[in-house]
A.B. asks: 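Quick one: the structure is below, and I'll ask about it shortly.
Chain A is the first sequence line, chain B the second, and so forth, proteins listed ahead of strands; every chain is numbered from 1. Treat the numbers as computed from the prediction; the structure is a model and nothing was measured.
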Protein chains: 2
Amino acid sequence: MSELRVRAEKLDAADELAAKRAGFVLDEVVYLDGNSLGALPANVPDRVADVVRRQWGALRIRSWEESGWWTAPERIGDRIAPLVGAAPGQVVVGDSTSVNVFKALVAAVRMAGEGRDEIVVDATTFPTDGYIAQSAARMTGCELRPVDPSEVPSVLGDRTAAVLLNHVDYRTGRLHDLPSLTAAVHAAGALVVWDLCHSAGALPVGLDEHEVDLAVGCTYKYLNGGPGSPAYLYVRADLQSRFDSPLPGWNSHVDPFGMRGDYEPATGALRGRVGTPDILSMLALEAALEVWDDVPIESVRAKSLALTDFFLECVEEYVPGGRVESLTPVAHEERGSQVALRCDDAAAVMERLIERGVVGDFRAPDVLRFGFTPLYVGFADVERAARTLGETLGG
Amino acid sequence: MSELRVRAEKLDAADELAAKRAGFVLDEVVYLDGNSLGALPANVPDRVADVVRRQWGALRIRSWEESGWWTAPERIGDRIAPLVGAAPGQVVVGDSTSVNVFKALVAAVRMAGEGRDEIVVDATTFPTDGYIAQSAARMTGCELRPVDPSEVPSVLGDRTAAVLLNHVDYRTGRLHDLPSLTAAVHAAGALVVWDLCHSAGALPVGLDEHEVDLAVGCTYKYLNGGPGSPAYLYVRADLQSRFDSPLPGWNSHVDPFGMRGDYEPATGALRGRVGTPDILSMLALEAALEVWDDVPIESVRAKSLALTDFFLECVEEYVPGGRVESLTPVAHEERGSQVALRCDDAAAVMERLIERGVVGDFRAPDVLRFGFTPLYVGFADVERAARTLGETLGG
């Protein structure tokens with residue numbers, strides 16, 4: 001057995017999160033696409049069946065109260081909160097990430113002072129954030145200024161109303177410096193909105209600690225909520241009374257069943273609610289989050305870095321020189337939980353990898369993307385993935 | 001047996017939709033709350049289990065293509081289309097009704113001519129529509145003008161950009177005249193947005209026939225999609241190229257996986273998409289819609305009117321005079337598929353009704369609301385509901 005395989009075995013034997021793998025439905029495939037769609041948590045199918053058959057089928061309308069449907073958005077928000085370093089009462093679940101980016105950005109501009117008419121956005125962001133930021137700018141009379149995240153501090157000024165940033169770049173896996181960027185935005189008198197899609201559940205975020213203003217994220221990647229499961233919105237407690245939503249649906253009303261003609265927003269995070277919550281998906285997510293009950297996010301981060309370190313080492317060993325180039329930073333403080341490899345024929349290479357039982361994904365034009373979910377990916381998986389990549393590339 | 005019970009038996013025996021009841025999970029309760037949450041279609045639990053266990057659990061990310069997840073919003077939209085009188089390619093499923101009202105109203109204002117700066121809204125509408133219309137007005141520089149639906153024709157003018165109307169009033173069950181109101185709005189040079197929450201699946205809508213511009217609706221009432229199942233948006237084919245969404249998420253991009261920085265909208269109804277579709281809820285809805293395959297909406301309408309006629313007749317017979325007053329119009333052309341009875345102690349009365357196995361709902365301050373879903377409510381149910389109401393009120 002090769003030295004790397006022996007190392008992998010030892011690392012797996014010492015892995016304190018190894019037992020968590022049994023909490024997921026997995027097979028012989030090495031699944032490195034949890035940064036796109038998390039694997040199915042083993043407790044979800046029975047929970048969903050109960051929601052459908054008993055809660056909907058038998059209790060029907062009574063479930064809005066008896067099964068806790070009505071309060072699900074804030075209850076599940078409070079389950080996500082500790083994973084992103086937030087005290088209770090600041091996270092609400094619902095809608096898609098795109099819709100939440102819109103709520104957060106428009107609300108941020110409205111909270112910014114008079115005369116601030118510029119929205120700064122990470123130009124390397126996942127496209128939807130840029131498109132939605134463009135719309136938010138247009139609808140609030142702002143100008144949109146897309147810049148490289150490294151340039152953010154230098155473009156901030158009196159005109160800056162809000163800054164939308166990604167915690168981890170979806171393409172390269174680069175982790176941006178949330179504490180220092182947040183401080184820079186605040187020093188300029190503006191508000192920051194962080195998109196946590198590629199960080200929540202993979203590494204500590206520290207929203208409260210770093211006094212982040214607003215944040216959004218999806219729940220179907222490292223949080224394993226299921227395909228298209230609802231996103232979430234964080235509004236820092238002391239900003240909630242000024243959170244002025246562009247989507248003031250009846251679910252965010254202080255008295256939703258009063259059916260009043262005038263809109264009076266609720267207090268707290270549920271001001272971020274809009275319409276009727278999507279119960280099936282939301283309660284599947286609630287079940288999926290139970291796996292986190294006894295998992296410190298710091299352990300997840302430690303294993304994530306060990307996995308990506310080991311992957312890069314195995315790639316170096318197995319893949320012929322010059323065939324791939326890592327786009328993911330080497331420095332731990334700049335790395336999320338994925339490794340992106342530039343590769344000339346990336347689309348075809350990923351197809352062959354998948355045929356051989358190693359599932360990552362391809363991002364145009366030339367990126368092989370491998371996500372490492374510490375709760376269910378082990379070191380033997382990592383070694384096998386790199387070895388298979390090496391074989392595929394003729395190593 | 002009373003004459004009304006004999007009549008009910010005969011009506012049930014002659015009911016051509018009676019067999020559809022077996023397609024739903026029902027029990028001994030008379031369920032007259034399908035206008036709030038439709039009953040569980042019998043084929044949904046197994047379908048959802050397959051989506052969770054096989055499509056998500058085993059195929060994982062491959063399901064976006066192999067299980068048709070990616071195209072679900074427009075495919076399911078095309079299943080809803082015939083129920084609202086729309087040719088294929090004009091309906092897309094996703095987000096909540098509130099979010100779709102926002103998309104539709106903002107897009108309508110943008111399509112209206114220069115100088116049109118007024119949004120007219122049904123003042124008796126379900127509150128969320130009014131709140132969202134207020135936000136749409138604020139964000140497009142329009143004035144909001146809430147008026148009684150009967151006054152709509154008289155307030156239309158050169159300033160009117162868009163009009164948001166409910167097809168059926170959620171409280172009284174009044175059916176508004178979609179053809180004539182649509183024609184009046186068009187005659188004034190404005191666009192109309194219809195909210196079909198309380199009509200789709202209960203009566204013919206005729207969107208194409210009446211040249212409606214935009215429409216939205218939920219899917220958890222007469223369409224039985226499940227709690228909080230995704231809503232839909234209709235954009236008339238010839239307006240689609242001008243549909244300028246305020247929520248241009250990556251799912252509405254012409255090349256979503258090109259991950260391009262510039263936004264170029266897709267063609268067709270999918271321009272109304274925003275973020276990643278909520279697959280569990282969406283595919284539950286798709287299964288729920290199969291019951292409609294061989295049901296002409298005209299038969300549903302005929303039975304619906306027969307049910308509400310019979311209910312009003314039974315109430316007249318069983319309920320002591322003066323205890324309730326119907327808010328629902330007597331004329332068929334003004335009636336949806338529910339009956340609303342004003343009753344002094346409505347909240348307490350509804351509680352007692354539910355204890356006795358008749359489930360309707362209460363709407364503040366004094367309304368008993370009974371919804372009649374022709375696919376699974378029969379005439380014996382109707383007679384029993386009215387009889388129980390009579391007993392509850394001391395008849």
A.B. asks: Need one label for B/Val51: side chain, backbone, both or neither, based on atoms under 4.5 Å from any heavy atom in chain A.
C.D. replies: neither
A.B. asks: So which residue, A/Ser229, A/Pro277, A/Pro227, ends up with the most heavy-atom pairs under 4.5 Å with chain B?
C.D. replies: A/Pro227
A.B. asks: Side chain, backbone, both or neither: which part of B/Arg273 has an atom under 4.5 Å from a heavy atom of chain A?
C.D. replies: neither
A.B. asks: Show me the donor-acceptor pairs, under 3.5 Å and distance only, between side chains in residues 360-367 of chain A and residues at least two apart or in other chains.
C.D. replies:
residue  : atom : partner  : partner atom : Å
A/Asp361 : OD1  : A/Arg369 : NE           : 2.8
A/Asp361 : OD2  : A/Arg369 : NH2          : 2.8
A/Asp366 : OD2  : A/Arg342 : NH1          : 3.3

A.B. asks: Tell me, side chain or backbone of B/Asn100 under 4.5 Å from chain A's heavy atoms, or both, or neither?
C.D. replies: neither
A.B. asks: Chain A heavy atoms under 4.5 Å from B/Thr97: which part of the residue, side chain, backbone, both or neither?
C.D. replies: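 For B/Thr97, no heavy atom lies under 4.5 Å from chain A.
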A.B. asks: Flag the one option from B/Asp262, B/Asn251, B/Val359 with the top tally of heavy-atom pairs under 4.5 Å to chain A.
C.D. replies: B/Asp262
A.B. asks: Using non-hydrogen atoms only, which part of A/Leu26 is less than 4.5 Å away from chain B: side chain, backbone, both, or neither?
C.D. replies: both
A.B. asks: Pick one of side chain, backbone, both or neither for B/Val106, based on which atoms fall under 4.5 Å of a heavy atom in chain A.
C.D. replies: side chain
A.B. asks: One thing to verify: whether B/Arg62 and A/Asp33 come together as a salt bridge, which I'm taking to mean a side-chain N less than 4.0 angstrom from a carboxylate O.
C.D. replies: no
A.B. asks: What part of A/Arg138 gets closer than 4.5 Å to chain B, counting heavy atoms only: side chain, backbone, both or neither?
C.D. replies: side chain
A.B. asks: Which region of A/Phe24, side chain (C-beta onward) or backbone (N, CA, C, O), has a non-hydrogen atom less than 4.5 Å from a non-hydrogen atom of chain B, or is it both or neither?
C.D. replies: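 Neither part, no heavy atoms under 4.5 Å.
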A.B. asks: Between the side chain of B/Ser135 and the main-chain N/O of A/Pro246, is any donor-acceptor distance below 3.5 Å?
C.D. replies: yes
A.B. asks: Shorter than 4.5 Å, heavy atoms on both sides: which option in B/Gly275, B/Ser281, B/Ser96, B/Gly249 has the most such pairs with chain A?
C.D. replies: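 Sorted descending by pairs with chain A, the first entry is B/Ser281.
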A.B. asks: Taking every non-hydrogen pair under 4.5 Å, which of B/Ala49, B/Ser36, B/Ala39, B/Cys218 racks up the most with chain A?
C.D. replies: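 It is B/Ala39.
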A.B. asks: Taking side chain as C-beta onward, heavy atoms only, is A/Arg60 less than 4.5 Å from B/Asp27?
C.D. replies: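 With C-beta onward as the side chain, the pair touches.
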A.B. asks: Which bit of B/Ala231 is near chain A, if near means a heavy-atom gap under 4.5 Å: side chain, backbone, both or neither?
C.D. replies: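 Neither the backbone nor the side chain of B/Ala231 comes within 4.5 Å of chain A.
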A.B. asks: What residue in B/Gly57, B/Gly94, B/Gly228 has the most heavy-atom pairs under 4.5 Å with chain A?
C.D. replies: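 Option with the top pair count is B/Gly228.
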A.B. asks: Are any non-hydrogen side-chain atoms of B/Trp56 and A/Val25 less than 4.5 angstrom apart?
C.D. replies: no
A.B. asks: Picking from A/Ile354, A/Val48, A/Leu247, which has the most non-hydrogen pairs under 4.5 angstrom with chain B?
C.D. replies: A/Leu247
A.B. asks: Counting only heavy atoms from other residues, nucleotides and ligands, does the tally under 6.0 Å from CD of B/Glu264 exceed 12?
C.D. replies: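 Counting neighbours around CD of B/Glu264, more than 12 heavy atoms of other residues, nucleotides or ligands fall under 6.0 Å, so yes.
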A.B. asks: Once you round to the nearest 0.5 Å, how far does CG of B/Leu40 lie from CZ of A/Arg54?
C.D. replies: 13.0 Å
A.B. asks: CG/A/Leu32 to CD1/B/Ile61 distance, rounded to the nearest 0.5 angstrom?
C.D. replies: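 Separation between the atoms: 12.5 Å.
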A.B. asks: With a 4.5 Å cut-off on heavy-atom pairs, point out which of B/Tyr170, B/Tyr220, B/Tyr263 contacts chain A the most.
C.D. replies: B/Tyr263
A.B. asks: Parallel, tilted or perpendicular: which describes the rings of A/Trp250 and B/Phe126, with under 30° parallel and over 60° perpendicular?
C.D. replies: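 The arrangement is perpendicular - the two ring planes meet at more than 60°.
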A.B. asks: Sort out for me which of A/Pro230, A/Gly226, A/Ser252 touches chain B most, counting heavy-atom pairs under 4.5 Å.
C.D. replies: A/Gly226
A.B. asks: Which one wins on heavy-atom pair count under 4.5 Å against chain A: B/Tyr31, B/Trp69, B/Phe257?
C.D. replies: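 Most heavy-atom pairs within the cutoff with chain A belong to B/Tyr31.
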A.B. asks: Less than 4.5 Å to any heavy atom of chain B: does that hold for the side chain of A/Ala284, its backbone, both, or neither?
C.D. replies: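 Only the side chain of A/Ala284 comes within 4.5 Å of chain B.
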A.B. asks: Could you tell me which portion of B/Pro248 (side chain, backbone, both or neither) has an atom closer than 4.5 angstrom to a non-hydrogen atom of chain A?
C.D. replies: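 Answer is both: backbone and side chain atoms of B/Pro248 are under 4.5 Å from chain A.
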A.B. asks: What part of B/Phe102 is in contact with chain A, defined as an atom under 4.5 angstrom from a non-hydrogen atom: side chain, backbone, both or neither?
C.D. replies: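 Answer is side chain: those atoms of B/Phe102 sit under 4.5 Å from chain A.
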A.B. asks: Quick one: which of A/Ser63, A/Gly225, A/Ala123 has the most heavy-atom pairs under 4.5 Å with chain B, could you say?
C.D. replies: A/Gly225
A.B. asks: Using every non-hydrogen atom in the two residues, find where B/Arg260 and A/Pro127 come nearest and quote the distance to one decimal.
C.D. replies: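 Looking at all heavy atoms of both residues, the closest pair is O-CB, 3.6 Å.
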A.B. asks: What's the spacing between B/Met282 CE and A/Leu280 CG if we round to 0.5 Å?
C.D. replies: 12.5 Å
A.B. asks: Please look at B/Asp278 and chain A and tell me whether the side chain, the backbone, both or neither of the residue comes under 4.5 angstrom of a heavy atom of that chain.
C.D. replies: both
A.B. asks: So which part of A/Ala136 gets closer than 4.5 Å to some heavy atom of chain B, the side chain, the backbone, both or neither?
C.D. replies: neither
